[in-house]
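Comments concern the structure below.
All chains are named by letter (A, B, ...) in the order of the sequence lines, taking the proteins before the strands, and each is independently numbered beginning at 1.
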Protein chains: 2
Amino acid sequence: MVREGALYATVAQALRDGISRGDYRDGARLPSESELAETYGVSRGTVRQAFAALRAEGLITSRQGARRMVLGGERVQGFSELISFSAWARAIGEQPSGRVIELVRRAATDPEAAELDVPPGAMIYHLTRVRLLSGQPVMVERTAYVERVGALLPGIDMATESITERLAELDVVFADADHGIDAVAAGPEDAALLEVPEGTPLLRTRRRGTDPAGNPLEFSIDSYRGDAVVFRVHNSVAATALARTGNPPRPTGSD
Amino acid sequence: MVREGALYATVAQALRDGISRGDYRDGARLPSESELAETYGVSRGTVRQAFAALRAEGLITSRQGARRMVLGGERVQGFSELISFSAWARAIGEQPSGRVIELVRRAATDPEAAELDVPPGAMIYHLTRVRLLSGQPVMVERTAYVERVGALLPGIDMATESITERLAELDVVFADADHGIDAVAAGPEDAALLEVPEGTPLLRTRRRGTDPAGNPLEFSIDSYRGDAVVFRVHNSVAATALARTGNPPRPTGSD
DNA sequence: GAGTGGTCTAGACCACTTG
DNA sequence: AAGTGGTCTAGACCACTCT
């Protein structure tokens, strides 16, 4: 168990550890807020903050009046796995690698300029890579970086290092990402790079990554072999915390 | 503006309204916590709870020391749009409809039993529908319902009503959903139902929906025309809802 | 240095689940 | 009826941003 900066993060990690270790099995009821508050010597609010994190991750249920329970299903944790191919590969026990097809500095196309929120024709860096899991090509990545970020790329060994992680060390931190996911047929170039027949179904994601202030850092179009990856989404009424739209049956009368 | 049950929900909705009304434009800085606390006559904690909801929705940024800002980009609303085709269709301004291919009560297959957390061979309801947007077939839906829920289906007009919304009125409420998204080639049956050539890329989602207590209610395999839909997901360091799961193509040689 | 968000505490009351 | 989570308050201190 690693010491985190915040108390609630420590408690949250302890609970995650307990769940993955099997102390709390699938469907098992977790300790109450007050129990945990006493155990860890923190206030109930801090325990609630820890639970909120696990709730957002889809790890546990939460209903008024009832103990929280562990939700089934294996989960991949963390924001970094979603934005970094390398981090994701390691998380599932695979060896990530990459082959750079092209890295150029050029004027942004109109769509790129729009996504990166830069003036039309502004200079950007564009990187094309094939990403491999244990030597097998599984994804073609075409990423446009804003100039400030792209200028750091030549100093990074893109075949072995994780760009995202290296950038983080250089204080370029990703905080938010929007993903658009659809399915397309492999064109000639993607088919060749992925070593599949033309027309093979590909899972394509278009992702815009932004820094903590909301400024776009990169815009990437990633095309995965359809048989190589599954995107998993967990969501809940709690995570979106939005009111129900329904019409509760009014006992009083008509409307 | 509708009165919500909780104070923080009222504040959150007021902020959403302000954003969509344009009071706070893209990139604009929002009022501080203390300002809002005074404005609405609530404590700072309540304001923070409201902001947390908007943060989880990907509507705003949040960094220590700096005012929160409005994030750009159109958003997918909430939980209901991901779990209900009808709700989603309406949200994008399309007319949803459905054509029932088959509704049967039968014994669950092993995978179905596992997903629905019922004993092997238990009775379930299985529904096959083609879903249409403005008359165009865009998705084939194959859903297994636990018996308790499926027994309600015959009373629902599945061609025009939203099953999810009708079930909510009957106190069958979805609270969580796990989605697995990948890309596959259309087989003969799907191709016929969707009126596309065999082999056309389809975006397939496998979804398990559970009630507030974590009990599975339905397991659905939805196959969308790849050119008809884009899934949008927002995630952030603050709230992670998306994950990739590996299914690496096995090299035939070593290992 | 002033302002702001992030964390934390110690209470309180209510709505809901459970035995 | 007891236990539990959901909401809310009123403070406090700290880390960080901004100008």
Exercise for the section: List in chain and number order the residues that pass side chain to side chain donor-acceptor pair (under 3.5 Å) with Glu147(A), two or more places apart in sequence or in another chain; answer none if no residue qualifies. Expected result: Arg105(A)

Practice task
Check whether any side-chain heavy atom of Ile60(B) sits under 4.5 Å from a side-chain heavy atom of Phe51(B), and report yes or no.
Solution key: yes

Handout entry: Residues forming a side chain to side chain donor-acceptor pair (under 3.5 Å) with Asn215(B), sequence neighbours excluded
Key = none

Exercise for the section: Round to a whole Å and report the spacing from CZ of Arg68(A) to C1' of dT18(C). Expected result: 16 Å

Problem - Nucleotide interval of DNA chain D bounded by contacts with chain A (heavy-atom cut-off, under 4.0 Å) - result: dG3(D) to dT7(D)

Exercise for the section: Under the side chain to side chain donor-acceptor pair (under 3.5 Å) rule, collect the residues that match up with Thr109(A), sequence neighbours excluded. Expected result: Glu112(A)

Practice task
Determine the contact category for Arg44(B): base if any of its heavy atoms lies under 4.0 Å from a base atom, sugar-phosphate if only primed atoms, P, OP1 or OP2 are that close, otherwise nothing.
Solution key: base

Exercise for the section: Under 4.0 Å between any heavy atoms, over every strand shown, what does Arg48(B) touch: base, sugar-phosphate, or nothing? Just pick one. Expected result: base

Practice task
Specify the residue among Gln64(B) and Val42(A) whose closest nucleotide of DNA chain C lies further upstream toward the 5′ end.
Solution key: Gln64(B)

Practice task
Name all residues meeting the side chain to side chain contact (heavy atoms under 4.5 Å, CB included) criterion together with Ser62(B); count only those two or more places apart in sequence or in a different chain, and write none if there are none.
Solution key: Arg55(B), Arg68(B)

Practice task
Indicate, with a heavy-atom threshold strictly under 4.0 Å, whether Phe51(B) touches base, sugar-phosphate, or nothing.
Solution key: nothing

Handout entry: First encountered from the 5' end of DNA chain C, between Gly45(A) and Arg63(A)
Key = Gly45(A)

Practice task
Quick one: list whatever passes side chain to side chain donor-acceptor pair (under 3.5 Å) with Asp171(B), sequence neighbours left out.
Solution key: none

